[in-house]
There are 2 protein chains.
Amino acid sequence: MSETQGKILDTAEHLFGEQGYAATSLRHIIAEAGVNLAAIHYHFGSKEELLDQLVMRKAGPVNEERLALLDHYEAEAGAMPVPVDKILRAFLEPPLLRIDKSPDFAKLMGRLYSEGLMPAIAEKHFHTIKIRFLAAFGRALPLSEPELALRLQFVVGAMAHTMLFVLQTKLPGQQLSTDGAVLLRELMAFAAGGLCAPAQLLENTEESK
Amino acid sequence: MSETQGKILDTAEHLFGEQGYAATSLRHIIAEAGVNLAAIHYHFGSKEELLDQLVMRKAGPVNEERLALLDHYEAEAGAMPVPVDKILRAFLEPPLLRIDKSPDFAKLMGRLYSEGLMPAIAEKHFHTIKIRFLAAFGRALPLSEPELALRLQFVVGAMAHTMLFVLQTKLPGQQLSTDGAVLLRELMAFAAGGLCAPAQLLENTEESK
DNA sequence: GTCTATACTGAGATAGAC
DNA sequence: GTCTATCTCAGTATAGAC
């Protein structure tokens, strides 16, 4: 990777996190990075692919850590299902504990889930994650697969929304702690409570087929 | 309100919901609505204010319904706190049951929470809602105010994220029901479980002050 | 009061010189 | 590999027709 590429990626990460993807112009990035406008298109092809590279660079390690934690807990559990709160920890700890170390990353992630860019761009980066965690939760919880998938969406929504809003301390009125450890604890308790709620049947799973 | 205004609002609602705010150009809107470009700026001032009008027009009735339901439940409960699941119903039912009747609205709401436009634009439209529901939950749950506010953010995140993703049936693999009643039931169960989870202390509430 | 035509600025993208 | 020049299209602003 050339020095130009690195400078572009670093600057883009910071600016996308700070102002959002749509609001950040390529011209702003090149000015701050001290490179030429065409360099972005030469190295990345387009603004969208630049974002894609960024997601890969940042989300890659997070997802590897998630899978490693899940592997560890599954080995620990042997033939038994991994307890829900351990699966949740494997899922939530890697992203949330990065809040303190690199707020830029957290903001970027929040923005991405946010600006609706996840469906188009990041689905591929997170596909393995979804499969693995759905399976793990499926063994631990007495829920049908569609119901579980829906609840996992709730968890992801809560996480994404929170990363974005909490970091901006846009919470109404008071100052909320942006301490990643506190957020993790709260979100884990909340998500565990939600996931373990009684099944709501949801019998309409194409049984006619 | 002139006919032109109405056509612009209707078309914008549809296109913003379908493609997102940023991705929808004013020229696309005017082409579909059959009006002139400058008409938008004459009637609304800017693209952003057009969105603001849209939010007001659509979210207004939802929020009135929420407050009316909450009023009803509070009158019913008298001096007692309203049960958590009733507060949740007042909060979630009005938006979620609109999914079936007008998917455009649901998509728009999802997109808004999504594209990060809520902080800037809609905070004002939802301020009263937050105050009232925080107070109601505060009476029903043994949580400190910051902890409660955080958990309510989780609920909002789950709702927003779900409205967006479920409507696009972007869920991994299988088809998920977009039936608002089913979603409502699931989300209520999940949120109730999460809100009623044991308090995680979170004692660092500026006690030094 | 409403709407149209048109021009202005800044965005992302691209071709071709070096 | 890099940069200049340029293209198209976005949101915005204004002058003037009805």
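Quick note on labels: first sequence line is chain A, next is B, and so on, each numbered from 1.
- As rounded to whole Å, 13 Å separates atom P of D/dA10 from atom CG of B/Leu15.
- For D/dA10, the OP1/OP2 oxygens have a side-chain nitrogen or oxygen of B/Ser25 closer than 4.0 Å.
- For the pair A/Ile29 CD1 and C/dA13 C1', the computed distance is 14 Å after rounding to whole Å.
- Both A/Lys47 and B/Gly34 lie near DNA chain C, and the one whose nearest nucleotide falls closer to the 5' end is B/Gly34.
- Between the CD atom of A/Glu48 and the P atom of C/dA11 there is a distance of 19 Å, given to the nearest Å.
- Straight-line distance from the CG atom of A/Leu37 to the P atom of D/dG1: 19 Å, rounded to whole Å.
- Relative to the six-membered ring of B/Tyr21, B/Lys47 meets both conditions, a distance below 6.0 Å and an angle of at most 45° to the axis.
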Item to complete: Given side chain to side chain contact (heavy atoms under 4.5 Å, CB included), test B/Ile8 with B/Val35 step by step and report yes or no.
Response: CA-CA 8 Å; B/Ile8 292 172; B/Val35 302; 3.9 Å; yes
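- Judged by distance alone, the side chains of B/Thr24 and B/Gln19 do bring a donor and an acceptor atom under 3.5 Å apart.
- Residue contacts for B/Thr4: at a heavy-atom cut-off of 4.0 Å it reaches the sugar-phosphate backbone alone, with no base atom in range.
- Separating the CD atom of B/Gln5 from the C1' atom of C/dC3 is a distance of 12 Å, rounded to the nearest angstrom.
- For A/Phe190 and A/Phe154, the ring centers are positioned 6.0 Å apart or more.
- Here C/dG1 presents its C1' atom at 16 Å from CD of B/Glu3, a figure rounded to the nearest Å.
- Where A/Val35 and A/Arg27 each meet DNA chain D at their nearest nucleotide, the meeting point lying more 5' is that of A/Val35.
- Taking every side-chain heavy atom of B/Ser2 into account, C/dC3 is the closest of C/dA15, D/dT12, C/dC3.
- Within the 4.5 Å cutoff, side-chain heavy atoms of A/Ile40 are placed close to those of A/Ile29.
- A/Ala39 comes within contact range of no nucleotide atom at all, as no heavy-atom separation falls under 4.0 Å.
- OP1 or OP2 of D/dT4 has at least one side-chain nitrogen or oxygen of A/Asn36 nearer than 4.0 Å.
- Residue B/Tyr42 has a polar side-chain atom (N or O) positioned under 4.0 Å from OP1 or OP2 of C/dT2.
- Contact annotation: A/His41 side-chain N/O to C/dA13 OP1/OP2 distance is under 4.0 Å.
- In this structure, CZ of A/Phe44 is placed 18 Å from C1' of C/dT14, rounded to the nearest angstrom.
- Within the 4.0 angstrom heavy-atom criterion, no nucleotide atom of any strand lies near A/Ile40.
- Between B/His43 and C/dC3 there is a side-chain polar atom (N or O) within less than 4.0 angstrom of OP1 or OP2.
- Atom CD1 in A/Ile30 sits about 15 Å away from atom C1' in C/dT14, given to the nearest Å.
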